[in-house]
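Here's the structure we're looking at; comments come further down.
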Amino acid sequence: MKCSIGLSFVGGYLAGIASASPTTASSSSTAVPTPHYRISPIDGSIIALPTKDQLAFQDREYGVLIHFEMGTYLDIDGCNNVPSLVPDLTLFDPALLNTDQWMDSITALGAKYATLVAKHNCGFTTWPSQVKFQTRDNTTISYNYTIAQSPVAGEDVVKMFTASAEKYGVGHGLYYSTVVNNFLNVQKSEVNDTSWAAGQVRITNETYDTIVVDQLTELWSNYGSLTEIWFDGGYSATQQATYIDMLAELQPDAVIFNACDVTSGDCLTENSVRWVGTESGEAPIENWSTGITNDGGNSTSPYFSPSVCDTTLQTSDRWFYGIDQPLRSIQELIAVYHLSVGRNCLLELDISPDRSGLILASHAARYKQLGDFISSCYDSPVNAPHTQNSSSDDGGYTLTFDYATSIDRIVLMEDQTNGQVIRSYSVFAKIIDDDGVSDGTLDVPWMQVANGTSIGHKRIEIFDEAVTVIEVRVNTTFVDTPVWRSVSVHLCDVIPANTTGWEFTP
Ligand SMILES: *[C@@H]1O[C@H](CO)[C@@H](O)[C@H](O)[C@H]1NC(C)=O
Ligand SMILES: *[C@@H]1O[C@H](CO)[C@@H](O)[C@H](O)[C@H]1NC(C)=O
Ligand SMILES: *[C@@H]1O[C@H](CO)[C@@H](O)[C@H](O)[C@H]1NC(C)=O
Ligand SMILES: *[C@@H]1O[C@H](CO)[C@@H](O)[C@H](O)[C@H]1NC(C)=O
Ligand SMILES: *[C@@H]1O[C@H](CO)[C@@H](O)[C@H](O)[C@H]1NC(C)=O
Ligand SMILES: *[C@@H]1O[C@H](CO)[C@@H](O)[C@H](O)[C@H]1NC(C)=O
Ligand SMILES: *[C@@H]1O[C@H](CO)[C@@H](O)[C@H](O)[C@H]1NC(C)=O
Ligand SMILES: *[C@@H]1O[C@H](CO)[C@@H](O)[C@H](O)[C@H]1NC(C)=O
Ligand SMILES: *[C@@H]1O[C@H](CO)[C@@H](O)[C@H](O)[C@H]1NC(C)=O
Ligand SMILES: CC(=O)N[C@H]1CO[C@H](CO)[C@@H](O)[C@@H]1O
C-alpha cells in the first residue's frame with residue numbers, strides 16, 4: 001500500500017486535475033450523491049446521518065488489509081515510486097497458496113472483514129483478467145500481466161479468497177489501485193508518453209481509463225457483494241461520474257475507502273469511509289464519525305464518513321511480506337487497538353502472506369495474541385450480573401453495583417442511527433479508598449476518572465489505575481438527547497503501554 005504516498009493525491013492531486021482540465025470531465029449527467037443530515041433541535045447545528053451500510057461497517061470495528069501480489073516477491077515494499085519496474089511474471093509462484101490458512105489468522109484475531117489487494121502498483125492482477133485493449137499502434141491485445149501468465153496459471157487468488165471469506169463468515173472487500181500501473185506506464189492516473197521501460201505496453205490515456213473501468217467491472221461483478229472497496233490514492237476526476245454509476249449499479253452496499261474528494265466535497269457514494277491520515281494506527285484523540293478530511297473529522301460536517309486507521313503488523317511501515325522483517329510488539333499492537341478502535345476509528349491491520357502463499361507462524365501467533373487480548377479484556381463486562389443501569393434525558397448514564405467492584409476502564413458506545421450527537425463526556429466514579437472503607441461509610445464523593453469529546457461508535461477510556469467503585473456516572477453535552485448503545489466497565493490485566501517512540505495516553 002504505502003497509501004500515504006497515494007493518498008496525498010486525494011486533495012492536492014485531484015484538485016489539480018479538476019481545475020487544470022475541467023472540460024475533460026465526463027459529460028454524463030450523473031448526479032454526485034449529496035450528504036444527508038438533520039438539524040439539531042437544541043442548537044440548530046448540522047447532524048450528519050449515516051447509511052445502514054456505514055453503521056454495519058463500523059460495527060465490524062476491525063478488519064485486515066491483505067497484501068499479497070507481485071510486491072510479495074520483491075525485496076522492496078512493492079512497486080511504489082519505481083515507475084519503470086515491471087517485475088518478471090515468473091516471480092509470482094506461491095507453491096503452497098491456501099486462503100483458508102489466511103482465515104485462521106483472521107478469525108483468531110477476531111477481525112470481521114478482510115480486504116484483499118487485487119492489483120497494486122506493479123500492475124499485476126491476482127485474478128485472470130480477461131480485459132482486452134488497443135495499443136498505440138491500434139493492435140488489440142489482452143491484458144497479459146496477470147496470474148494467468150504466471151507459474152500458477154489456472155488459479156485465481158481473488159476467487160479463492162472470496163470463497164474462504166464466505167466459508168469463515170468474514171466480510172470480504174477488494175483493493176485496486178487506479179492511479180498507478182507500472183505495466184501500463186501510469187503514474188497519478190496519467191500515461192507517461194516520454195519513455196517506456198522493458199515490459200511496459202504503450203497505450204493512450206483514454207485506453208487507460210477504459211482498462212480501469214473494465215477491470216473494476218470484473219472485480220465488482222464476479223466476486224459477490226463486497227464489504228469494502230479501496231481507492232488507494234483516490235481516483236482520476238475524469239472517472240468520477242463513471243464510478244458513481246458503476247458503484248450504484250454493481251456494489252450499492254459496499255463502503256468506499258477514499259470515496260470523497262477532500263477539496264470539492266464530491267463523494268462517489270454516500271457509503272464513504274475516510275482515511276484517518278496516518279499509517280501508524282493512531283487516531284486523533286478527538287475523532288468524529290463525520291467529516292471527509294484525513295484527520296479527526298468535523299463534528300458539524302454534513303457528511304457521515306467514519307475514519308479508517310490502516311496500519312502494519314511488520315515494523316517500518318512494511319506492507320508486503322519482508323524476509324526477516326521484525327513484527328511490532330504485542331504491547332504496541334494493544335496500544336494500536338486502543339488508539340484506533342478505542343477512539344472511534346476502524347482498525348485495518350495488514351496481513352502479508354509470504355512467498356509460499358502462507359501466513360508465517362510468527363505472524364499467526366501475533367494475530368492470535370492480539371485477538372486473545374481483545375476478547376479476554378472486552379468480551380464480558382466485569383460483574384455484569386450485579387450491575388444496574390439507567391439513562392436520563394439530561395444525557396447522563398449511571399451504573400450501580402450491588403457491591404463494590406474493581407474496574408480499570410470504561411467502554412462508551414453511542415447508537416448513531418440518528419447521527420453522532422454527544423459532543424463531550426465526563427466519567428465520574430464513587431471510589432472506595434482506604435479511608436472510605438475504614439470510615440465504614442459509603443458516602444464517598446464523585447471523582448472524575450475520564451473525560452473527552454467524541455464518542456461515536458466506540459470510545460475506550462483506560463483509567464490511570466484500577467479502582468474499586470460502587471457507582472459510575474457519565475455526564476455529557478450533546479446536540480440531541482443521546483441514545484446509548486452500551487456503557488460497560490472492565491478489569492483487564494495491566495499491559496505496559498509504552499514502547500519506544502510510541503505515545504500512549506491511557
Ligand atoms: C489508430 O487509430 C486512430 C483512430 O482510428 C487513428 O487516428 C490513428 O492514426 C491510428 N494509429 C495508427 C498507428 O495506425
Ligand atoms: C503481452 O503482449 C504483448 C503484445 O502482444 C507482447 O509483446 C508481450 O510479450 C506479452 N507478454 C507476455 C508475458 O505474454
Ligand atoms: C516519464 O518517464 C521518464 C523516464 O522514466 C521520467 O524521466 C519522467 O519524469 C516521466 N514523466 C512523468 C510525467 O512522470
Ligand atoms: C496523458 O495525459 C497527460 C496530461 O494531459 C499528458 O501529459 C500525457 O502526455 C498523456 N499521455 C499520453 C500517452 O498521451
Ligand atoms: C466543519 O464543517 C462545517 C460545515 O461544513 C464548516 O463550516 C466548518 O468550517 C468545518 N470546520 C473545520 C475545522 O473544517
Ligand atoms: C477534562 O477535564 C479537565 C479537568 O476538569 C479539563 O481541564 C479539560 O478541559 C477536560 N477536557 C475535555 C475534553 O473536556
Ligand atoms: C451530572 O450532571 C447532572 C445534571 O446536570 C448533575 O446534577 C450532576 O451533578 C453531574 N454529576 C457529576 C458527578 O458532576
Ligand atoms: C442496561 O441493562 C439492561 C438490563 O441488564 C440491558 O438489557 C441493557 O442493554 C443495558 N443498557 C445499556 C445501554 O447497556
Ligand atoms: C512513556 O513514554 C513517554 C514518551 O516516550 C516517556 O516520557 C515516559 O517516561 C514513558 N513512561 C514509562 C512508564 O515508561
Ligand atoms: C475535529 C477535531 O476535533 N479534530 C481534532 C482531532 O484531533 C487532532 C489532534 O488531537 C486535533 O488537532 C483536531 O482538531
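Whatever order the structure lists ligands and atoms in, that order sets their numbers, starting from 1.
A salt bridge between Asp394 and Arg473 is present, with a side-chain N of the basic residue lying under 4.0 Å from a carboxylate O of the acidic one.
Nearest protein heavy-atom contact of atom 13 (C) of ligand 8 is Tyr397 OH, 3.1 Å. Summary of contacts: the protein heavy atom closest to atom 5 (O) of ligand 6 is Gln448 NE2, 4.1 Å. The nearest protein atom to atom 6 (C) of ligand 8, hydrogens excluded, is given as Asn389 ND2, 4.1 Å; this is a heavy-atom distance.
Checking Asn451, Ile285, Thr477 against atom 14 (O) of ligand 6, the nearest heavy atom belongs to Asn451. Of the listed options Leu89, Thr146, Asn144, Thr139, Asn144 places a heavy atom closest to atom 3 (C) of ligand 2.
Set against the non-hydrogen atoms of Ile141, the atoms of ligand 2 under 4.0 Å away are 4 (C), 5 (O). Residue-ligand proximity, Ser486 to ligand 8, at heavy-atom distances under 4.0 Å covers atoms 13 (C), 14 (O).
Contact annotation: the side chain of Val336 approaches that of Thr311 to within less than 4.5 Å [non-hydrogen atoms, C-beta and beyond]. Counting heavy atoms from C-beta on, the side chains of Tyr243 and Tyr235 come closer than 4.5 Å. Taking the side chain as every heavy atom from C-beta outward, Asn344 and Gln420 approach each other to under 4.5 Å.
Taking the six-membered ring where the residue is Trp, the centroids of Phe92 and Phe124 are separated by under 6.0 Å.
Between Ser142 and ligand 2, no pair of N/O atoms sits closer than 3.5 Å.
For the residue pair Trp319 / Glu279, a side-chain donor-acceptor distance below 3.5 Å is found, with atom types taken as modelled.
In this structure, Gly452 has a heavy atom closer than 4.0 Å to ligand 6. Within the 4.0 Å heavy-atom shell around ligand 8 one finds Arg485.
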Could you walk me through whether Lys458 and Asp415 pass the salt bridge (Lys or Arg N to Asp or Glu O under 4.0 Å) test, one step at a time? CA-CA 10 Å; Lys458 182 169 278 189; Asp415 179 338; over 6 Å; no
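Remark: atom 9 (O) of ligand 8 lies closer than 4.0 Å to no protein heavy atom.
Annotation: His36, atom NE2; neighbour count of heavy atoms from other residues, nucleotides and ligands within 6.0 Å does not exceed 12.
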